[in-house]
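Okay, structure first, notes after.
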Amino acid sequence: MISRFETTGAKDLGKYESDVFSAEEWKSFSTAKQQEILMNYRLAFSAIGEVNWCEALGTVLANDEVVNGVSERGGHPVVKKKMRQWYLRITDFADRLLDGLHTVDFSDSMKEMQRNWIGKSEGCEMDFNLNTANLDSSSNTPGSEVIKVYTTRPDTIFGVDFLVLAPEHELVNKITTAEQRKNIDDYLTYVKSRSDRERMSEAKHITGCFTGAYAINPFNHKKIPVWIAEYVLGGYGTGAIMAVPCGDQRDFLFAKHFQIPITNIIGDHFNGLEANATKEAVLQNSDFLNGLLMKDAIKVAIEKIESEGLGKRKVNYKMRDAGFSRQRYWGEPFPIKWEAGVAIAMNETQLPLSLPHVEKYGPGPEGEGPLANIADWTAQQLETSTMPGYAGSSWYFLRYMDPHNETSFCDRHVSDYWNQVDVYVGGTEHAVGHLLYSRMWTKALYDLGLIGFDEPFKKLVNQGMIQGSSRFAYRIKGKNEFVSFGIKDQYQTDALHVDVNMVDGLELDLAAFKKWKPDFENAHFILEDGKYICGVEVEKMSKSKFNTVNPDDLVEKYGADTFRLYEMFLGPVDQSKPWDTKGIEGVHRFIRKLWRLFNDEANGKIWNEAQANDAEWKILHRTIKKIEADTEHFSFNTAVSSFMICVNELSELKCHKKEILEKLLILLTPYAPHIAEELWQQLGNTETILDANYPVLEEKYLIETSKEYPISINGKVRANINIDLSAQQSEVEQIVLSNEIVQKWLDGNAPKKIIFVKGKMVNVVI
RNA sequence: GCCCAGAUGGCGGAAUUGGUAGACGCAGCAGACUCAAAAUCUGCCGUUCGCAAGGAUGUGCAGGUUCGAUUCCUGUUCUGGGCACCA
């Protein structure tokens with residue numbers, strides 16, 4: 001990039017309009033200016049962003065440490081604060097992240113979530129001039145302010161009744177009139193206390209404020225009011241929208257709430273009670289778009305907007321660049337030094353940059369990272385933020401391929417050999433975080449030629465989350481006082497997670513709670529019936545929710561095989577379920593029953609070398625078939641159940657034959673490796689079962705000649721008749737109609753129709 | 001609010017492509033063995049009417065398609081995950 005700037009300057013990049021210069025100009029720029037320009041093109045770049053700032057705690061907070069706008073710890077107010085941050089330019093990968101989805105084996109819902117998150121939309125940017133005559137002298141507007149909006153629906157341009165700016169939009173201060181100044185300032189203070197989540201969530205609670213300014217619709221020159229409202233977010237599009245109440249429900253509700261007159265451009269397709277967001281209506285009152293179907297009008301409108309020079313076609317993404325610095329944690333340090341406000345990357349020979357050893361760490365002054373407290377660190381002008389968790393989780397699978405390499409993160413030959421991760425098992429909670437970051441990371445490494453593939457995971461299996469039962473205590477707003485669940489509605493409270501280990505059923509152990517965190521040492525409690533009762537919610541099991549349980553006791557009591565089988569037996573791997581050990585006895589009994597096929601309590605060894613009969617081979621091969629199919633489909637719960645059926649049936653036949661049992665053990669190895677190996681050795685094998693050949697299915701043992709057909713009358717099963725599988729419809733009809741039960745239902749009448757599905761069922765319609 | 005899932009007996013779940021709803025397991029009940037217990041074994045086990053034979057009903061809720069729907073379609077409720085500093 002630098003050599004490009006040195007030779008040809010930047011005219012054709014088109015990414016940042018401000019970055020147009022010649023090669024000569026580039027060379028004349030100061031280092032700082034050059035670095036500033038380069039920052040616009042770096043994959044990892046520094047810019048100003050907003051963080052959760054808690055003045056009372058003197059620290060930046062993570063989103064999950066903020067409850068209802070106050071800090072979880074102590075209940076102090078949290079506001080947004082601007083701070084220099086590092087970002088990864090994931091937006092530059094947006095199209096490739098979308099395209100790559102065609103090449104990976106992920107579930108459709110996972111792909112859908114990623115697509116929606118990336119949120120590619122095609123529309124246009126359009127300029128609305130301000131009606132400057134309206135601005136009074138108190139606003140220092142030069143008179144040529146333009147509001148740039150982004151819209152995917154330029155076809156509705158004649159239905160625009162107002163513009164809405166994001167409260168953080170840079171023009172807000174400039175265009176606000178003197179009369180509206182106070183209202184706007186109050187509203188901005190309110191918005192500052194609101195998280196993005198709250199701003200998007202509470203659609204019922206409509207808020208906004210008129211700036212006093214008016215803009216001009218470039219097509220019909222109508223004067224339209226300019227509002228600000230929290231439902232428009234600064235980070236998306238241009239941070240400004242044109243509001244069309246008859247075609248957008250949020251705009252509609254906003255117009256109704258603030259009694260802004262609504263222009264109807266689709267006649268009967270708009271009923272005045274709710275917006276019509278379809279693109280199927282025919283346009284009216286829309287000048288050159290009259291008579292066009294909305295979806296066809298979009299193209300026409302864009303062409304007109306471009307030809308009139310009012311704006312231009314624009315592809316937009318909902319996804320934002322990924323925040324890559326943290327002030328809250330002790331993560332990997334940035335190899336960056338700040339020199340006179342310019343970020344300079346450390347030379348590779350100076351790396352690795354290691355974190356200093358410290359006794360304890362806390363937030364730095366002004367909410368910087370903990371490194372800001374370390375004189376040694378700041379003296380070197382080193383960056384004081386640290387990297388987030390995904391700095392590691394985005395590429396660890398590559399390092400795993402070559403973990404001892406001292407010179408490179410992973411030798412190219414090694415990654416070429418191992419290639420992509422074949423199957424990646426992870427929960428859907430990572431859908432738009434980790435799984436997008438690692439995909440982007442892989443593409444970046446691929447672009448650098450460091451690896452030979454640009455998608456990390458060939459196949460993704462979403463295992464369901466194990467859920468835990470969380471317990472909550474309710475803190476009265478602004479106090480260090482907690483109110484019991486049954487009476488909490490009489491107060492304004494914030495719900496805080498409490499450690500499930502301090503709760504007996506629902507009753508909180510107050511002494512343990514006070515000792516838990518220093519903040520709670522002097523807490524007061526409002527009890528019911530002398531007890532503090534906690535609230536309950538089922539949530540994903542997570543350390544941050546204090547609802548984890550330790551499996552060590554179970555492994556101790558039942559062994560790892562039982563634990564492993566039980567986890568599989570709980571249900572489909574992709575389904576979330578609360579952790580509950582109620583049924584673990586069942587799989588443990590299965591293991592013991594398996595053992596008894598080989599050993600007798602009184603006599604020891606009972607397995608033998610006798611030849612198996614057809615019935616026994618049939619049981620084995622039915623199991624082989626089922627296990628193969630289930631394993632292939634990751635249907636581990638049904639596989640465990642077929643192992644149980646197999647062992648039950650062999651027990652019933654008193655089958656202790658080695659030639660059957662040894663094959664069963666091989667099948668079982670991936671499911672219960674320890675007992676399989678142990679019994680394998682008992683059978684006299686000296687090599688490990690892991691090297692045994694997998695049994696081959698022999699269909700000949702599974703051939704059936706007849707079937708117990710269910711016979712339905714009008715879809716309800718009334719009888720079962722054993723019929724030869726080779727029987728044709730006419731034979732089947734004869735057999736069925738002569739059946740006593742069928743005759744009873746027919747009651748002398750002829751059936752209307754007989755449906756026969758070979759190998760499945762018979763349905764007699766009467 | 002938006003995006004993505006899910007909902008079947010007392011409980012976890014099964015039903016692979018629209019074809020016998022409840023496999024397998026837990027819990028429960030009755031029994032066998034035992035001085036007793038544990039372990040093990042046998043039988044019963046959706047709801048409801050019935051002595052029984054048998055009938056009715058039943059897969060979150062309301063509709064629809066079909067000879068036939070847990071499965072497909074429309075709407076809806078509830079639960080869970082995510083919403084950018086947990087990753």
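A note on names: the letters A, B, ... follow the listed sequences, proteins ahead of strands, and every chain is numbered from 1. Because the structure is predicted, anything quoted here is derived from the model rather than measured.
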Give a yes or no on whether a salt bridge exists between [X] and [Y], defined as a side-chain N under 4.0 angstrom from a carboxylate O.
X: A/R194; Y: A/E230; value: yes
X: A/E65; Y: A/R328; value: yes
X: A/E585; Y: A/R592; value: no

Between [N] and [M], how many Å separate the two [atom1] atoms, rounded to a whole number?
N: B/rC45; M: B/rG22; atom1: P; result: 12 Å
N: B/rG10; M: B/rC4; atom1: P; result: 33 Å
N: B/rA7; M: B/rA62; atom1: C1'; result: 16 Å
N: B/rG25; M: B/rG46; atom1: P; result: 16 Å
N: B/rA21; M: B/rU16; atom1: C1'; result: 16 Å
N: B/rA52; M: B/rG68; atom1: C1'; result: 31 Å
N: B/rG12; M: B/rA23; atom1: P; result: 15 Å

Between the protein and nucleotides 53-57 of chain B, which nitrogen or oxygen pairs are less than 3.5 angstrom apart?
| unit_1 | atom_1 | unit_2 | atom_2 | d |
| --- | --- | --- | --- | --- |
| B/rA56 | OP2 | A/R718 | NH1 | 3.1 |
| B/rU57 | OP2 | A/K716 | NZ | 3.2 |

Is there side-chain contact between A/N373 and A/Y361, with at least one heavy-atom pair below 4.5 Å? no
If you look at every strand shown and take non-hydrogen atoms under 4.0 Å, does [X] touch a base, only sugar-phosphate, or nothing?
X: A/E65; result: nothing
X: A/T638; result: sugar-phosphate
X: A/E539; result: sugar-phosphate
X: A/N462; result: nothing
X: A/K760; result: sugar-phosphate
X: A/K545; result: nothing
X: A/E429; result: base
X: A/I645; result: sugar-phosphate
X: A/S107; result: nothing
X: A/K593; result: sugar-phosphate

Between A/R592 and B/rU40, is there a contact of a side-chain N or O with OP1 or OP2 at under 4.0 Å? yes
Please evaluate the base of B/rC85 for a donor-acceptor partner in the side chain of A/Q85 within a cut-off of under 3.5 Å? yes
On the side chain of A/N763, is there an atom forming a donor-acceptor pair with the base of B/rC67 - under 3.5 Å, no angle test?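 By the distance-only test, yes, there is a pair.
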Nucleotide forming a Watson-Crick or wobble pair with B/rG1, both distances under 3.5 Å: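 Result: B/rC83.
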Please determine, for B/rU34, whether a Watson-Crick or G-U wobble partner exists with both distances under 3.5 Å, and give it or none.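 None - no nucleotide pairs with B/rU34, as no candidate has both distances under 3.5 Å.
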Holding to ring-ring contact (aromatic ring centres under 6.0 Å, His included), I want the full list of residues that pass it with A/H434, two or more places apart in sequence or in another chain.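 Partners of A/H434 by the ring-ring contact (aromatic ring centres under 6.0 Å, His included) criterion, ordered by chain and then number, come out as A/Y424, A/H430.
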Side chains of A/S706 and A/D724: is there a donor and an acceptor less than 3.5 Å apart? no
Could you tell me if A/K753 and A/N763 have a donor-acceptor pair between their side chains, going purely by distance under 3.5 Å? no
Residues in salt bridge (Lys or Arg N to Asp or Glu O under 4.0 Å) with A/E332, at least two apart? none
For the side chain of A/K540, counting heavy atoms from C-beta on, which of B/rG82, B/rG19, B/rC85 is nearest? B/rG82
